[in-house]
Colleague: 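Please see the structure below; I have some questions.
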Amino acid sequence: GAVVSQHPSRVICKSGTSVKIECRSLDFQATTMFWYRQFPKKSLMLMATSNEGSKATYEQGVEKDKFLINHASLTLSTLTVTSAHPEDSSFYICSARDQYQAFFGQGTRLTVV
Amino acid sequence: AQSVTQLDSHVSVSEGTPVLLRCNYSSSYSPSLFWYVQHPNKGLQLLLKYTSAATLVKGINGFEAEFKKSETSFHLTKPSAHMSDAAEYFCVVTPNTGTASKLTFGTGTRLQVTL
């Protein structure tokens with residue numbers, strides 16, 4: 001079964017509201033999780049690296065105040081898209097690694113209307 | 001530094017014919033290499049991985065890939081395509097240095113399988 005669970009799989013929200021996406025590692029403890037964004041027919045773009053118990057590390061060009069990441073436990077990281085706008089509509093995917101491979105969540109399709 | 005290049009953005013094959021998806025990489029470290037498959041609006045599923053053991057790697061669903069250091073390549077192959085193989089495929093490289101190391105994705109190859 002899946003070892004990284006992401007929720008929700010789809011969300012539609014109104015412009016200006018905030019949306020929280022959860023990513024859980026089910027079978028192992030993940031001190032580090034990764035958040036990606038995928039545009040239509042494009043590859044995955046790393047947004048940030050989520051570190052348990054400390055601040056996330058954001059990639060260049062990613063607004064940390066827009067995309068809030070919290071990694072409060074060894075099995076849960078959350079991404080909150082704040083004051084969402086239509087241009088934030090995208091497919092967001094989380095990932096966590098054990099020593100052998102990376103596991104990916106099922107992804108969240110965010111649509112901001 | 002590391003990077004990965006998928007040489008074809010789109011590949012179309014007939015069902016029952018061989019599949020070849022090409023990937024070249026560069027890495028400052030001894031890399032780990034992966035192939036992932038993504039079906040529409042889904043997460044990524046690991047097909048196979050190379051982590052400095054055998055250079056010919058067998059994965060799920062009949063896929064395999066060969067790590068060729070001299071050519072810096074990690075091409076994905078399958079002897080006979082099936083309709084269910086139609087999806088997006090990503091070649092991924094990472095330094096072989098632990099759970100916090102970043103993955104670098106190729107731009108993806110869309111595989112189309114026709115009757």
Side-chain angles (χ1 to χ4, degrees), chain A residues 1-11 21 23-25 28-52 54 56-60 71 74 90-111, chain B residues 1-11 21 23 25 31-54 57 59-60 65 74 86-112:
Chain A
V3 293
V4 174
S5 177
Q6 188 174 341
H7 178 81
S9 58
R10 286 181 178 273
V11 58
I21 303 169
C23 182
R24 295 181 183 273
S25 60
F28 64 102
Q29 293 181 330
T31 54
T32 304
M33 291 187 178
F34 303 90
W35 287 96
Y36 295 87
R37 182 173 180 175
Q38 186 178 31
F39 293 96
K41 299 184 180 181
K42 297 291 185 184
S43 188
L44 278 71
M45 180 191 77
L46 180 64
M47 299 174 64
T49 302
S50 170
N51 302 298
E52 188 268 335
S54 64
T57 304
Y58 290 82
E59 296 299 301
Q60 191 173 9
H71 195 153
L74 288 170
S90 195
F91 194 60
Y92 295 88
I93 304 176
C94 69
S95 173
R97 291 192 65 177
D98 66 10
Q99 62 187 110
Y100 302 112
Q101 65 171 291
F103 300 95
F104 291 84
Q106 305 93 319
T108 298
R109 170 70 60 193
L110 171 62
T111 303
Chain B
Q2 56 192 23
S3 66
V4 61
T5 302
Q6 291 183 243
L7 297 158
D8 306 293
S9 60
H10 182 257
V11 170
L21 305 183
C23 172
Y25 72 92
S32 291
L33 291 154
F34 306 82
W35 276 98
Y36 284 88
V37 61
Q38 184 182 34
H39 290 91
N41 291 311
K42 299 292 185 183
L44 279 72
Q45 180 184 19
L46 179 67
L47 281 179
L48 49 79
K49 60 185 177 185
Y50 166 78
T51 55
S52 77
V57 181
I60 62 171
F74 190 57
E88 189 84 18
Y89 291 79
F90 293 99
C91 183
V92 180
V93 64
T94 184
N96 201 8
T97 57
T99 58
S101 52
K102 296 178 183 178
L103 303 178
T104 299
F105 284 78
T107 49
T109 298
R110 178 160 300 274
L111 175 63
Q112 181 181 15

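For the numbers below, each heavy atom of this structure counts, side chains included, while hydrogens, waters and symmetry mates do not. In what follows, chains carry the letters A, B, and so on, assigned in the order in which the sequence lines appear, proteins first and then strands, with residues in each chain numbered from 1.
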Colleague: Could you work out, with salt bridge (charged side-chain N to carboxylate O under 4.0 Å, His left out) as the rule, every residue matching B/Arg110, not counting sequence neighbours?
Modeller: B/Glu88

Colleague: Can B/Phe105 and A/Gln38 be said to form a side-chain contact (heavy atoms from CB on, under 4.5 Å), step by step?
Modeller: CA-CA 11 Å; B/Phe105 284 78; A/Gln38 186 178 31; over 6 Å; no

Colleague: Which bit of B/Gln45 is near chain A, if near means a heavy-atom gap under 4.5 Å: side chain, backbone, both or neither?
Modeller: neither

Colleague: Within a radius of less than 6.0 Å around NE2 of B/His39, do more than 12 heavy atoms belonging to other residues, nucleotides or ligands occur?
Modeller: yes

Colleague: Does A/Ser43 reach the main-chain N or O of B/Gly108 with its side chain, forming a donor-acceptor pair under 3.5 Å?
Modeller: no

Colleague: With a 4.5 angstrom heavy-atom cut-off, which part of A/Gln6 approaches chain B: side chain, backbone, both or neither?
Modeller: neither

Colleague: Measure distances from B/Leu103 to the heavy atoms of chain A and classify the residue's part below 4.5 Å as side chain, backbone, both or neither.
Modeller: both

Colleague: Going by salt bridge (charged side-chain N to carboxylate O under 4.0 Å, His left out), name the residues that satisfy it together with A/Glu59, two or more places apart in sequence or in a different chain.
Modeller: B/Lys102

Colleague: Go through the steps for B/Leu44 and A/Leu44 under the test side-chain contact (heavy atoms from CB on, under 4.5 Å), then give the verdict.
Modeller: CA-CA 10 Å; B/Leu44 279 72; A/Leu44 278 71; 4.1 Å; yes

Colleague: Output the distance between atom CZ (A/Phe103) and atom CG (B/Leu46), rounded to the nearest 0.5 Å.
Modeller: 8.0 Å

Colleague: Side chain from CB out, backbone as N, CA, C, O: work out which of these in B/Phe34 comes under 4.5 Å of a heavy atom of chain A, or both, or neither.
Modeller: side chain

